[in-house]
2 protein chains.
Amino acid sequence: MKNPFPGARVRGSSSGRPIMALLDLLGRRMALRIIWELRGDPLNFRDLVDAAGTNPSVLNTRLSELREAGIIELSEDGYGLTAEGRTLLADMMPLNAWADAWAKRLRKP
Amino acid sequence: MKNPFPGARVRGSSSGRPIMALLDLLGRRMALRIIWELRGDPLNFRDLVDAAGTNPSVLNTRLSELREAGIIELSEDGYGLTAEGRTLLADMMPLNAWADAWAKRLRKP
DNA sequence: TCTTCATGCTATGAAATCCGTAGCAATGTG
DNA sequence: CACATTGCTACGGATTTCATAGCATGAAGA
């Protein structure tokens, strides 16, 4: 299937609503993780493979989608978040705190 | 593979850090979407299949993971978010605004 | 110039996952 | 006893992911 793109059909939705395209894009394997791993300094391709614990083919597929979406870019320093990507990451940061509270809950139910 | 669980190995991470388990869980097909579709009233199984634009087998797999994680529960009214699930959804809501701004950017670059 | 290295990325085949459809079991209603 | 509604499972083909090997390019040494 084509890359998720606001205004286009995506898996599970033909409405073209931007949130549906975003949920499809972020719902693919390693997409959230890749963005997460780029929260600090840019990483080169191989370091990103290691950091995300994935393999070149999946990473490259996700990178092309995330680059086309304007979330990630390749600079001289390696792969990093664009300005837009950083605002998306900022929106994801609460998930970290949520996950910690979740772990605490599940340890003593 | 076993369901993502804080403290356990998940795809792409053996650290057991809660955020990794969460990113694995949410990075599976339709997981984010299912949570999103339950932002309002509970839905029964079939309505949730339609709302998420998926099929019973994938939905059931995701539901069992999300129920085990304590994010979704089945009540007399149907499938709905738990209290914890609602806080997770609240953390996801900014994505909607982000997606709208994203769509606007991509329309006129 | 001839290695050697680091880089982004592609190729390949097997394994896992997803998808769509059909249908089952339990429960309730006429 | 039909009949509808519900949650869910079975199945087979399509797609995606996984792990590993390797290619192409450019820079840096020898």
S.K.: Any non-hydrogen side-chain atom of A/L63 less than 4.5 Å from a side-chain atom of A/F45?
M.R.: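 Yes, side chains in contact.
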S.K.: Starting from C1' on C/dA6, measure out to CD on A/E76 and report it in whole angstrom.
M.R.: 16 Å
S.K.: Tell me the interatomic distance from A/L48, atom CG, to C/dA6, atom P, rounded to whole angstroms.
M.R.: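 Answer to the nearest Å: 18 Å.
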S.K.: Checking side-chain contact (heavy atoms from CB on, under 4.5 Å) for the pair A/L26/A/L88: CA distance, chi angles, key distance, verdict?
M.R.: CA-CA 11 Å; A/L26 298 183; A/L88 179 59; 4.3 Å; yes
S.K.: Set out, line by line, the N/O atom pairs under 3.5 Å between protein and nucleotides 20-25 of chain C.
M.R.:
residue, atom, partner, partner atom, Å
C/dG20, N7, B/N55, ND2, 3.1
C/dG20, O6, B/S57, OG, 3.0

S.K.: Going by number, which of residues 32-42 of chain B have a non-hydrogen atom under 4.0 Å from DNA chain D?
M.R.: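 Contacts with DNA chain D under 4.0 Å: none.
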S.K.: So does B/N60 get a side-chain nitrogen or oxygen closer than 4.0 Å to the phosphate oxygens (OP1/OP2) of D/dT9?
M.R.: yes
S.K.: Distance check needed: D/dA19 C1' versus A/D50 CG, whole Å only.
M.R.: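 My rounded result for the distance is 13 Å.
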S.K.: Applying side-chain contact (heavy atoms from CB on, under 4.5 Å), run through A/L25 and A/L66 and close with a yes or a no.
M.R.: CA-CA 8 Å; A/L25 182 65; A/L66 293 169; 4.2 Å; yes
S.K.: For B/S57, run the side chain to side chain donor-acceptor pair (under 3.5 Å) check against B/T54, B/N55, B/N60 and tell me which one passes.
M.R.: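 Single pass found, and it is B/N55.
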S.K.: Would you tell me if any nitrogen or oxygen in the side chain of A/R29 comes within less than 4.0 Å of OP1 or OP2 on C/dA16?
M.R.: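 For C/dA16, neither OP1 nor OP2 has a side-chain N or O of A/R29 closer than 4.0 Å.
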S.K.: Check the pair A/R67 / A/E65 against side-chain contact (heavy atoms from CB on, under 4.5 Å), numbers first and verdict last.
M.R.: CA-CA 5 Å; A/R67 290 169 80 178; A/E65 294 162 359; over 6 Å; no
S.K.: For C/dC18, take OP1 and OP2 only and decide whether either is under 4.0 Å from a side-chain N or O of B/R28.
M.R.: no
S.K.: Under the side-chain contact (heavy atoms from CB on, under 4.5 Å) rule, what do A/T87 and A/D91 come out as? Steps first, then yes or no, please.
M.R.: CA-CA 6 Å; A/T87 66; A/D91 286 343; 5.5 Å; no
S.K.: Among D/dG7, C/dC18, C/dG8, which nucleotide sits nearest the side chain of B/R62?
M.R.: C/dC18
S.K.: Please evaluate residues A/R46 and A/D50 with respect to the criterion salt bridge (Lys or Arg N to Asp or Glu O under 4.0 Å), reporting the C-alpha separation (whole Å), side-chain torsions for both, the decisive distance (0.1 Å), and the verdict.
M.R.: CA-CA 6 Å; A/R46 282 149 197 255; A/D50 294 340; over 6 Å; no
S.K.: Rounded to whole Å, how long is the line connecting atom CG of B/L74 with atom P of D/dT6?
M.R.: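 In whole Å, D/dT6 P and B/L74 CG are 12 Å from each other.
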S.K.: Would you kindly give the CZ-to-C1' distance between B/F45 and D/dA4, to the nearest whole Å?
M.R.: 18 Å
S.K.: Atom CG of B/L59 and atom P of C/dT17: how far apart are they, to the nearest Å?
M.R.: 17 Å
S.K.: Using a strict threshold of under 4.0 Å (side-chain N to carboxylate O), is an ion pair present between B/D24 and B/R28?
M.R.: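 So B/R28 pairs with B/D24 through a salt bridge.
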S.K.: Answer yes or no: is there a side-chain heavy-atom contact under 4.5 Å between A/D77 and A/D41?
M.R.: no
S.K.: Quickly work out the B/L63 CG to D/dT9 P distance and round it to whole Å.
M.R.: 11 Å
S.K.: CG of B/N44 versus P of C/dG28: gap in Å, rounded?
M.R.: 16 Å
